[in-house]
Asker: 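Let me begin by handing over the structure; questions about it come next.
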Amino acid sequence: MYKALVYVTLKPSILDPQGTAVKKGLESLGFSDVMDVRVGKYLEVSLEAEDKQEALTQVEEMCKKLLSNPVIEDYCFELVEG
Amino acid sequence: MYKALVYVTLKPSILDPQGTAVKKGLESLGFSDVMDVRVGKYLEVSLEAEDKQEALTQVEEMCKKLLSNPVIEDYCFELVEG
Amino acid sequence: MESKTDNKPWVELGLTDYEYEMIKGILSREPNYVELGMFSVMWSEHCSYKNSRPVLKTFPTKGAQVLQGPGENAGVIDIGDGLAVAFKVESHNHPSAIEPYQGAATGVGGIIRDVFTMGARPIALLNSLRFGSLSSARSRYLFNGVVSGIAGYGNCIGIPTVGGEVYFHPSYEGNPIVNAMCVGILEHKDLAKGVASGVGNPVMVVGAKTGRDGICGASFASEELNEASEEKRPAVQVGDPFMEKLLMEACLELIKTGYVVGMQDMGAAGLTSSSCEMASKGDTGIEMDVALIPRREKGMNPYEIMLSESQERMLVVPMKGKEDQVKSIFKKWGLDAVVVGIVTDDGILRIKEGEKVVAEIPAKALTEMCPVFEREAKMPEQLAEIQKCNLGELPEPTNYQKTFLDLLARPTIASKEWVYEQYDYMVGINTVVRPGADAAVVRVKGTKKGIALTIDCNSRYVYLNPYVGGKIAVSEAARNLVCTGAKPLGVTDCINFGNPEKPEIFWQFKEAARGIGEACRALNTPVTGGNVSFYNETKGEAVFPTPTVGMVGLIDDIEKVCTLSFKNQDDLIYLLGENRDELGGSEFLVMYHGLEAGMPPDLDLEKETSLQECTLKLIKEDLINSAHDCSEGGLSVALAECCLAGGMGAQIRLEESTLRPSSLLFGETQSRIIISVSRENADKVKAMAQSHSLPITKLGVAQGKSLVINGNSFTINLTLNEIEARYKGAIPCLMKG
Amino acid sequence: MKFAVIVFPGSNCDADCFHVVKEVMGQEADYVWHQDQTFKAQYDCIVLPGGFSYGDYLRTGSIAKFSPIMIEVIKFATQGGLVLGICNGFQILTEAGLLPGALVRNKDLKFVCKDTFLKVENNETPFTLDYTQGQVIQVPVAHGEGAYVCDEATLEKLKANKQIVFRYSTSGGETSPECNFNGSSDNIAGIINEKGNVLGMMPHPERCAETVLGNDLGKHVFTSIVSWLKGGRRNGE
Ligand SMILES: Nc1ncnc2c1ncn2[C@@H]1O[C@H](COP(=O)(O)OP(=O)(O)O)[C@@H](O)[C@H]1O
Ligand SMILES: [Mg+2]
């Protein structure tokens, strides 16, 4: 069993209204030293695979095909065992 | 400048329909070895702080007050410099 | 980008050699790269209408009710009591093909801005959507994304999405159609315009910060989609409905102060189009410093700033000396409002970066001097053959009841509940007639009035005969309004066609426009604005010609609003209008015989007018209890819709023996309305129809929980539950994939 | 009676609530801006309207709860004042801790706008006394994140204290799983706090308070408040 920790973030040039709203929210709470907030997704995908290489290939493909939208998002992931 | 990488996940007891939907989506794409998917949030918060300790305290507070809702979510974060 | 060494940079930007020479002539010099970029977007089809202008001129645009015709951000129509309605439709086809959620969302955002820029408070949204077949995964993906994008934006900003239409056809597989329409209400005195007048008045940018979103989006929208589009696509614009809600409230508050001289939203071609259009309309110039424009990203150059299509921004020209008042209103809503320039008297759009002039172009060169083409028009060669297809000899269905059920489950005919349940159609508490009827009706608070709204087009009819198809689109829209008891007042149209440089496409366009114009004249519904989207093609194949028609009508007394549902046991059911043997272009013909051929149903504008007048009178005089237009699927489907809407069945007997049952049940003959009538009013209704020389036929009675349709050689007998299961279940079932 | 309708940036049912209170009910009403530090008048009831405060970004209601006026709202509630949160207002009330639990994404992940049937589970609250116990009312919903969740202990407590005020039901009043379209715990559509002065509900009673809109059963949430404030008599008393 493997677990992939997948991070999906908006591409840098893409507007992130959520991030902006959270930043404003933090500011109004008195966190005046916040420079920037970007909001993305974090997914934990547990999967069975022969070996690590196989798991890596699978997750890479999942990210490309479904977990991220290449038009507006980037992704990266780590793989942990167990 | 520090950057906090914040992960907010649903508590295990809370149903995660998004995770279920992603799992189904993966299955229908032919990824039949996916056991489980959980979907959470990933935030990058850039902030100025005197030192690392100060930054840690600030981010901890942000998470408690705004970034997560303790009724349904857990959080954790890492702090990186620069 | 500026360092590009291509020796013909204008070609890269979508301008022809001929156009480049014209630009040199206008400026009496070589344009620099910023200027070239500005010309390229303003002279794109999307902004300049260079291929469509001569044809659009043929539309009727005048009428006593018209307060603002084409040329402004939205058309405006008088509804009495010092009130008016502003409305407009806009396409977002190409962005939606690339990123369905954001493409559709920003389309909604753009059309809302067009309406509140006029000083109107938006009160309703509609949309007209076309996708490929739902059996394709990509179509499902686009359909799902577009619907949630529309919902995401409209629901958040709090404007109800009250109506629309969805069709599925393979011609839209690669190039979906996403048209959004917005309707707003204003007091006459608040009517605002996109004009920069008053030399010395400040020019302000308000709303969101500028980023690198959608640079050259207008040019992108003016090209065919192909594989390279994926690569060429500009940074996708992301909509922020929350920001737009704040912007809308702030702008409406500002207009109430009376300090606004002119206001223009930044849509396609962003700052370039808004500034040159405002100056051009005001016969003035504008001088602007891009260094003052609030930016979201670092290191943006003048080219990027001038061409950015970042959403949720407006250009405002307030009276001189009122800058601080403007700023304080925007500050209250947490928004930027920055003076970036000034209105000048030299007719020049002068863009500076600090002290340095980076572009200097006569404003009118960008707006009015764009070359206009009268394209060649030629009827497609195969069309005559297709029209001539002999439909008289086709075999009849073997099982009418099964055919009827199959027809109800065709995605194009089936209930669109799956779509509109995702839209908040009630926010604002004005929605008196919800989606699912002929037209939506919203009340006007503080008056007894209601506004009826619809958007319609059957593009298969337009494909088979663009002239007749154009007439039908307008007539059906008006008929839908009339069924609620509303008098049709005006039109906004969205032309979604293929590449106009192809004579066959241009012919379709010209013919459809001729039909639209003629029908608008006959029904007294002037065109007050619209939008043209050409180049809707993939791999050289054009979509079905799709001139969607958005229409607005007025109900004097909201208490008298009429709906389609059968309401009372034992009410008599009549058909106004006549049944004819017209299967051409029908959904039945495609479904059962696999044919998209023949002539579409004919449309006689004189008959249509008397039908509409008669129906309106019947409703006004409280003589009928329901009215429903027959459209796709014909008489049988329309009857089913009347039954389902109120949960009341009907016993129908169709006597006409001269017609084939298939034509009678499923043919899509125009100018027909099903009404239900209390027995005591039957004679009066018949007399009214006769006085309008209108055929009226008794169909049966409303009763029970089944729909029974008997004819000489067929029987349909189904419970409403069985009918509903097919009608409502079809799309959800297909979407489960 | 005087009502305050709080306006957050992104509220979009504020005008609807205002209209019902003022035009339909004939009561006094003020809009109160989220940035206000204090109430400028004495209010008898505070309404947190529906909408998308702060775009519903991050979590629904999460940023709104820090608006300056919320300190006043919390004070008002603690002193026993009547607070009604509808839809986004309900979400804000849970985020602010005035009501237990939380509201999460609908189980099918889609925004849904439609009529639902609600069973009045407790008609002895200031917000429901003009309904009969067990009455079934048709009220529309419009939300994407309206699934009510809480832990077991909280749910037990809600039940024991009769804090569950509305539950999704069939037209016949059966609170079966099929009518639980959004996946709420125990079909919960609306709850009240322990003290009985703060009500949160996902459905929109203000959207069905006039006959011209086809249904006016929602009006009684507002008539109940007025009856209660007038020193109200509960049904059956
Ligand atoms: N995209 C949509 N958005 C909202 N409502 C829709 C949409 N598509 C269809 N509807 C609604 O479904 C009903 C049926 O649509 P349609 O079949 O086009 O009716 P008609 O044939 O009378 O024009 C209408 O009330 C329409 O407003
Ligand atoms: Mg239609």
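Please read all numbers here as calculations on a predicted model, not as lab measurements.
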Asker: Within the supplied structure, the quantity of interest is the number of heavy atoms (other residues, nucleotides, ligands) at a distance under 6.0 Å from Lys157(D) NZ; does it exceed 12?
Answerer: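 No - once you tally the heavy atoms of other residues, nucleotides and ligands closer than 6.0 Å, there are 12 at most.
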
Asker: Would you mind writing out the side-chain donor-acceptor pairs for residues 13-20 of chain D within the sub-3.5 Å range, not counting sequence neighbours?
Answerer:
residue, atom, partner, partner atom, Å
Asp16(D), OD2, Gly428(C), N, 2.8
His19(D), NE2, Glu210(D), OE1, 3.3
His19(D), NE2, Glu210(D), OE2, 3.4

Asker: Give, as side chain, backbone, both or neither, the part of Val39(A) having an atom under 4.5 angstrom from any heavy atom of chain D.
Answerer: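 Val39(A) has no heavy atom closer than 4.5 Å to chain D.
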
Asker: Need one label for Leu58(D): side chain, backbone, both or neither, based on atoms under 4.5 Å from any heavy atom in chain A.
Answerer: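 For Leu58(D), heavy atoms of backbone and side chain both lie under 4.5 Å from chain A.
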
Asker: Check chain D and chain A for donor-acceptor pairs under 3.5 Å and report each one on its own line.
Answerer:
residue, atom, partner, partner atom, Å
Leu58(D), N, Gln18(A), OE1, 2.8

Asker: Counting only heavy atoms not in Lys40(D), do more than 12 sit closer than 6.0 Å to its NZ atom?
Answerer: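 It does not: Lys40(D) NZ has 12 such atoms or fewer within range.
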
Asker: Can you name the residues that form a salt bridge (Lys or Arg N to Asp or Glu O under 4.0 Å) with Lys75(D), not counting sequence neighbours?
Answerer: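 Only Glu72(D) meet the salt bridge (Lys or Arg N to Asp or Glu O under 4.0 Å) criterion with Lys75(D).
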
Asker: If you draw a 6.0 Å radius around CD1 in Ile71(D), do more than 12 non-hydrogen atoms from other residues or ligands fall strictly inside?
Answerer: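 For Ile71(D), atom CD1 is not crowded (no more than 12 foreign heavy atoms under 6.0 Å).
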
Asker: Please enumerate all residues that pass side-chain hydrogen bond (donor to acceptor under 3.5 Å, both in side chains) together with Asp30(D), with sequence neighbours excluded.
Answerer: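 Testing Asp30(D) for side-chain hydrogen bond (donor to acceptor under 3.5 Å, both in side chains), a comparison that skips the adjacent residues, returns Tyr43(D).
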
